[in-house]
Structures are given as structure tokens and as C-alpha cells.
Amino acid sequence: MLTESLPIDTSSVTVAGVTLAADLSGALYWDEQRLLVVSDLHLEKGSSYALRGVLLPPYDTIATLGRLGAVIARHDPRTVIALGDSFHDRDAHERLSPANRDMLGALQTRRDWIWISGNHDPVLPSDLGGTVANEVAIGAITFRHEPTGAVGEIAGHLHPKARINARGRAMERRCFATDGLRAVMPSFGAYTGGLSIRDAAFAKIFRTLGFVAHVLGDHRMHAIAASRCR
């Protein structure tokens with residue numbers, strides 16, 4: 001359920017006894033740790049497609065970094081964890097423009113920055129600042145890219161989305177998926193798609209439909225039972 005004491009652009013999410021704020025941007029913020037978590041930035045996806053002859057507007061990286069900058073400014077975290085697939089492919093970091101590289105460096109200033117390895121970027125470069133890890137454990141919470149269903153896990157990879165009915169029409173929106181013991185984060189990248197929370201991949205993690213989709217609306221978060229989504 002939404003918590004009235006929080007701003008309308010966040011929803012309170014509890015994972016293994018730890019309360020975090022699910023931000024309308026698609027980020028998670030752990031106030032006690034001053035920790036911001038984002039997942040699946042997929043930077044330079046547009047240029048990756050262009051190399052294969054699929055021409056997309058080459059603005060995904062600057063759009064994603066702009067949104068990331070806004071949520072960092074809002075929460076002023078001490079630590080940022082990028083939860084895997086931060087880059088769309090193994091060479092994506094080499095295609096960053098000087099301006100985008102500088103922008104990324106500015107976001108890291110005075111902060112601890114942790115890159116989690118993903119399936120798209122299993123070998124992360126050492127020249128982008130921050131540290132690289134396969135997973136990070138803080139208290140009862142373990143942050144990793146691919147979800148296993150373990151208690152206390154916060155993961156990404158699946159790009160959850162929920163199909164809901166609103167004002168007489170169906171729409172699909174990104175969402176956080178959580179049952180109070182584990183959570184899967186939405187993708188943060190501008191050009192990333194999504195996988196329905198009714199897909200079998202989520203059944204392997206949550207076992208039943210007794211979990212909640214914290215859906216990213218236009219102006220606020222909406223907590224909806226997964227069983228009500230399509």
C-alpha cells in the first residue's frame with residue numbers, strides 16, 4: 001500500500017524487514033544507508049542498434065543520465081549501486097561521448113559508486129570510476145543483477161512491467177515487483193523494454209501471485225496486487 005507520509009512520487013517497499021522508498025523514476029532509496037539503487041541503465045543501446053543497421057535516435061544515454069542526475073539530486077545519496085546491465089554491450093563504454101563521460105563522472109563526485117556486473121556487461125571497465133562487484137551484501141539485503149528468489153534479494157535483469165486497466169483502457173507500465181522478502185527492480189534505461197510480471201520467469205522467483213506491483217504512474221506510484229494485473 002502507498003504510505004501517506006511519503007511524497008506522492010515514492011512508495012514504501014519492505015524487503016526482508018528493511019524499508020526502502022521506491023521512487024517514481026524507477027530507483028530505490030534506502031534512507032538509513034543513504035543508498036540509491038538503479039538497475040539496467042543499458043547505456044549506448046541506441047548506438048548498439050545503429051551498428052546493426054537499426055537506426056534509433058542517438059539520445060538514450062543522455063536521457064538516461066539526465067534522469068539519473070535528477071534522482072541523485074533529489075535524494076543526495078552517499079552511495080550509488082548500478083545493479084547490472086549498466087551498458088548495453090561489452091564495448092558500449094567505448095562509445096560514450098566525451099560529454100556523457102564527463103556527465104557520468106560528475107554524478108560520481110563525492111559518492112561511492114558500485115557497478116554490479118550484468119549479463120550484457122560482464123566485464124566492466126576500470127576507467128569509469130567507482131568499483132566493480134558481482135554482488136553486494138549490506139545487512140539483510142543482497143544486491144545482484146539476476147534474481148534467484150533468495151530471501152533479502154534485490155535484483156534487476158527482468159525489466160518487470162504490469163498491464164493494468166485505468167479509466168477504461170489497458171496500459172503497460174514499469175513496476176517494482178516484491179512480496180516483502182525479495183524484490184525485482186524495473187529497468188531505468190530510456191530505451192529498455194519490459195517483461196510482464198505474469199510471465200513464467202516471475203513465477204520462478206515468487207512462486208505464487210501473492211506479490212505486489214508498485215507501478216510507475218504519470219505522477220505517483222500505485223501498489224497493485226499482481227493477481228489484478230494481466
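Because the structure is a prediction, the values reported are computed rather than measured. Counting from 1, the numbers follow the sequence of the chain as shown.
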Undergrad: Hey, are Gln33 and Thr79 close enough side-chain-wise for a donor-acceptor pair under 3.5 Å?
TA: no
Undergrad: Do the rings of Trp113 and Trp115 sit parallel, tilted or perpendicular, given the 30° and 60° boundaries?
TA: tilted
Undergrad: With sequence neighbours left out, write down each residue that passes ring pair (Phe, Tyr, Trp, His ring centres under 6.0 Å) with His145, or none if nothing qualifies.
TA: His157
Undergrad: Taking the side chain as everything from C-beta on, heavy atoms only, tell me whether Met171 gets closer than 4.5 Å to Ile164.
TA: yes
Undergrad: Does Asp89 pair with Arg95 as a salt bridge, N-O distance under 4.0 Å?
TA: yes
Undergrad: Given Thr61, which partner from the list His42, Met103, Glu44 fulfils the side-chain contact (heavy atoms from CB on, under 4.5 Å) test?
TA: Glu44
Undergrad: Can a donor-acceptor pair be found, under 3.5 Å and without considering hydrogens, that links the side chain of Asp40 to the backbone of Asp85?
TA: no
Undergrad: Any side-chain heavy-atom pair from Asp179 and Arg207 closer than 4.5 angstrom?
TA: no
Undergrad: Side chains of Phe206 and Ile197: closer than 4.5 Å at any heavy-atom pair?
TA: no
Undergrad: Taking only Lys NZ, Arg NE, NH1 and NH2, and the carboxylate oxygens of Asp or Glu, determine whether Asp218 and Arg173 approach each other closer than 4.0 Å.
TA: yes
Undergrad: When you compare the side chain of Leu28 with that of Phe143, does any pair of heavy atoms fall below 4.5 Å?
TA: no
Undergrad: Just checking, is any N or O donor in the side chain of Asp23 or His75 under 3.5 Å from an acceptor N or O on the other one?
TA: yes
Undergrad: Ion pair present between Lys204 and Asp199, side-chain N to carboxylate O less than 4.0 angstrom?
TA: no
Undergrad: Should Phe87 and Leu96 count as side-chain neighbours, where that means a heavy-atom distance under 4.5 Å?
TA: yes
Undergrad: Is the shortest heavy-atom distance from the side chain of Leu43 to the side chain of Asn100 under 4.5 Å?
TA: no
